Number of protein chains: 2
Amino acid sequence: MKRKITLKQIARELDVSISTVSKALRNSKEISEDTREKVQAFAKLYNYRPNNIALSLKNRKTKTIGIIIPEIVHHFFSKVISGIELVANKRGYNVIVGLSNESFDKEVINMEMLANGSIDGFILSIAKQTLQQQDYHHFSETISQGMPIVMFDRVVNDIQCDKVIVDDVQGAKKAVNKLVENGCKTIAIITTKDYVSVGKLRTQGYLEALDENKIHPEASLILKVDDKLVSEDYLDILEREIEQLFQTNKKMDGIFAVNELYAITAMKVARKQNKKIPDDIQVIGFTDGVLSKHATPSLTTVSQHGQKIGEKAAELLIHKLEHEDEEEQFQTVIIETELVERESTK
Amino acid sequence: MKRKITLKQIARELDVSISTVSKALRNSKEISEDTREKVQAFAKLYNYRPNNIALSLKNRKTKTIGIIIPEIVHHFFSKVISGIELVANKRGYNVIVGLSNESFDKEVINMEMLANGSIDGFILSIAKQTLQQQDYHHFSETISQGMPIVMFDRVVNDIQCDKVIVDDVQGAKKAVNKLVENGCKTIAIITTKDYVSVGKLRTQGYLEALDENKIHPEASLILKVDDKLVSEDYLDILEREIEQLFQTNKKMDGIFAVNELYAITAMKVARKQNKKIPDDIQVIGFTDGVLSKHATPSLTTVSQHGQKIGEKAAELLIHKLEHEDEEEQFQTVIIETELVERESTK
DNA sequence: ATTCGCAGCGAAAACGTTTTCGTGTTAACA
DNA sequence: TGTTAACACGAAAACGTTTTCGCTGCGAAT
């Protein structure tokens, strides 16, 4: 079990100084060709690689990006990571992941763990609990210490930083418009309580689309699910609420759900009630995950392009890291949504 | 944009030496109560946190675990990460993720990037391409340099290290036995080509279970899908091969699929052929993902407990890291599978 | 013979810690 | 008064790099 070899050891073996070895390996013209070859051969033989930690300390750069997300077992977030990792690696960066589990405390702790030198900057999506408490001091402190942050998806206006978001309003409008085009007259929305910004925005898009199509919105067609309950019987409760929705709205012929799970569950309920999809009722979801693609019938969704979001976020962060001299100015990039049509719509 | 404060700056401000500051913050008895309080107050005021990189360099430990997996957009792998992260964080470790994308080269590069000081040890699952080429030099080199590795799920016998696996053979037997119990007479398997170890093992379990139940295996009932094709029309091809399976085996009344996707697709094909699930034909999958839970009918599967695998792997690695003195000996932990019964079986 | 320039190399500082080993001051003791 | 012990603190090394600067020796130019 030989430890990794260092410059010092090479220097000792070859009876030259550490500086000479370092320069020889970097092909400095200061070193004679003789010595250079000798050193390089020796280094190659012992498979020398510069120690990253020492480099990080010296350069005060770690070439590592910290990601904080609410959970990783989630198609959208893992897509985003995948995108971040892609461009990060291409530009010589590593990626270190922290999970907040939607908890404020874990978000803070995780950020503190990473902020002390381990990384050069953050890419993050805010935990639900943080959004509720509206306590963002950990973000502003991090930024004021000179560590850039890029937020994606779940962002907040109070913090000055780069952001990558999806046009939720527009995406929702695309979905509802599609339903209208396809002849739906009574369109429901299954959404979340308002403190989740994306739920709120998608609801807004739904209302705007109805308005533009001169359809009068009805309270009974708007189902706001409390997504705080993550218990075992969450699914049951969800299903029952949706059944209720069907009961009170017999003429309902279109459903827009703000996520995959709600949409899938709606289809399940529809089937139970012997409604044919898409003939009797059409369904559109949001977020293009595995469920949408493999459900039967497969689900028409508004795709958010998670991978692209990750790529863009990484680009923004790396740009900021490598152009610190430029004057601070923050941008908010909007990734276009796309309506992916499948079998759940006509 | 004030940079993070260091010991040196505190020392200068308070007109004491760096060592004094360091000791004062660690509550050394060497330092007078007066000075201690003064230093601690100042440090608190400026929110001092020791620089992780400097600590890593000094201690030659990073308190960071490197994970290399084939892909992250995959329920099983993200579950595993989630498990690793859970116990790692609890024990003060961070987690840094590299993706191999099933490619040998990316696996090697990623490991090299991390092995030069960035991490203390690896937890990994081997890329398909690596398994095919059977080139494992990067693993043995890493290990011989004193960096411990824990492999999970896709492991290989040639390498001496801790391993966490699922009892694939046993899991497959559970599934097939269940089908037999439920009255199935003609049971097919949809599996992968043999170089994927898990596919091979699950096939073996299938055969063993048949044998134990005195059922004669038939070649036409064994469908080996080539999972190298990851193209757009992958799903189409898969579907057609499964249709073929149905055609040639009219009496087939049970299907065991080695993953979720194959199982879901089998159910889709069954529905097309107007076979009722589970009345005409029963289906069991492997890996407990989102698809299984939310499919209609929901899918009976052999759950692998990805989270537990991750937790166990992290425990093994951290133990090895913190007990380097103990004599080397490697264990292979087997995580029990569990048959989760849902609607696709009687 | 003196100066100059240059090639080739080494010493040392710096990044931010922790820790070992002094060192000076004061109080207590014989 | 001289010795010792306790106390409070600082200097320096070490982790592994990179880089600046200085030094040495030698051939060429004056």
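This one's a predicted model, so the numbers in the text were calculated from it and none came from an experiment. Computed from heavy atoms alone, side chains included, the values below leave out hydrogens, waters and symmetry copies. Within every chain, numbering begins at 1; the chains are lettered A, B, ... in the order of the sequence lines, protein sequences first and strands thereafter.
- Residues forming a side chain to side chain donor-acceptor pair (under 3.5 Å) with B/Glu30 (at least two apart in sequence, or on another chain): B/Lys23.
- Each ring pair (Phe, Tyr, Trp, His ring centres under 6.0 Å) pair with one or both residues in residues 9-36 of chain B, not counting sequence neighbours, would appear here, but there are none.
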Please table the atom pairs, donor to acceptor, closer than 3.5 Å between any side-chain atom in residues 149-159 of chain B and protein atoms at least two apart or in another chain.
unit_1   : atom_1 : unit_2   : atom_2 : d
B/Arg154 : NH1    : B/Glu102 : OE1    : 3.0
B/Arg154 : NH1    : B/Ile126 : O      : 2.8
B/Arg154 : NH2    : B/Glu102 : OE2    : 3.0

**OP:** Summarise protein proximity over nucleotides 12-19 of chain D in one line of letters, 5' to 3': B for base, S for sugar-phosphate only, - for none, counting protein heavy atoms closer than 4.0 Å.
**Re:** B-BBBBBB

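- End-to-end axis angle of the helix from C/dA1-D/dT30 to C/dA30-D/dT1, from C1' rotation axes over five pairs per end: 90° (rounded to 10 degrees).
- Evaluation of the side chain to side chain donor-acceptor pair (under 3.5 Å) rule for B/Ser22 yields no partner, not counting sequence neighbours.
- For residues 3-36 of chain B, no residue pair satisfies the ring pair (Phe, Tyr, Trp, His ring centres under 6.0 Å) rule, not counting sequence neighbours.
- Residues forming a side chain to side chain donor-acceptor pair (under 3.5 Å) with B/Thr142 (at least two apart in sequence, or on another chain): none.
- Under a cut-off of 6.0 angstrom, the local environment of CD in B/Glu326 is crowded, with over 12 non-hydrogen atoms contributed by other residues, nucleotides or ligands.
- Residue pairs satisfying the ring pair (Phe, Tyr, Trp, His ring centres under 6.0 Å) criterion with at least one member in residues 19-75 of chain B, sequence neighbours excluded, are listed as follows: B/Phe42-B/Tyr46, B/His74-B/Phe77.
- For residues 88-144 of chain B, the ring pair (Phe, Tyr, Trp, His ring centres under 6.0 Å) pairs, not counting sequence neighbours, are B/Phe104-B/His138.
- Among residues two or more places apart in sequence or in another chain, the side chain to side chain donor-acceptor pair (under 3.5 Å) test is passed with A/Ser125 by none.
- Applying a 4.0 Å cut-off to non-hydrogen atoms, the residues of residues 31-47 of chain B that approach DNA chain D are B/Ile31, B/Ser32, B/Thr35, listed by residue number.
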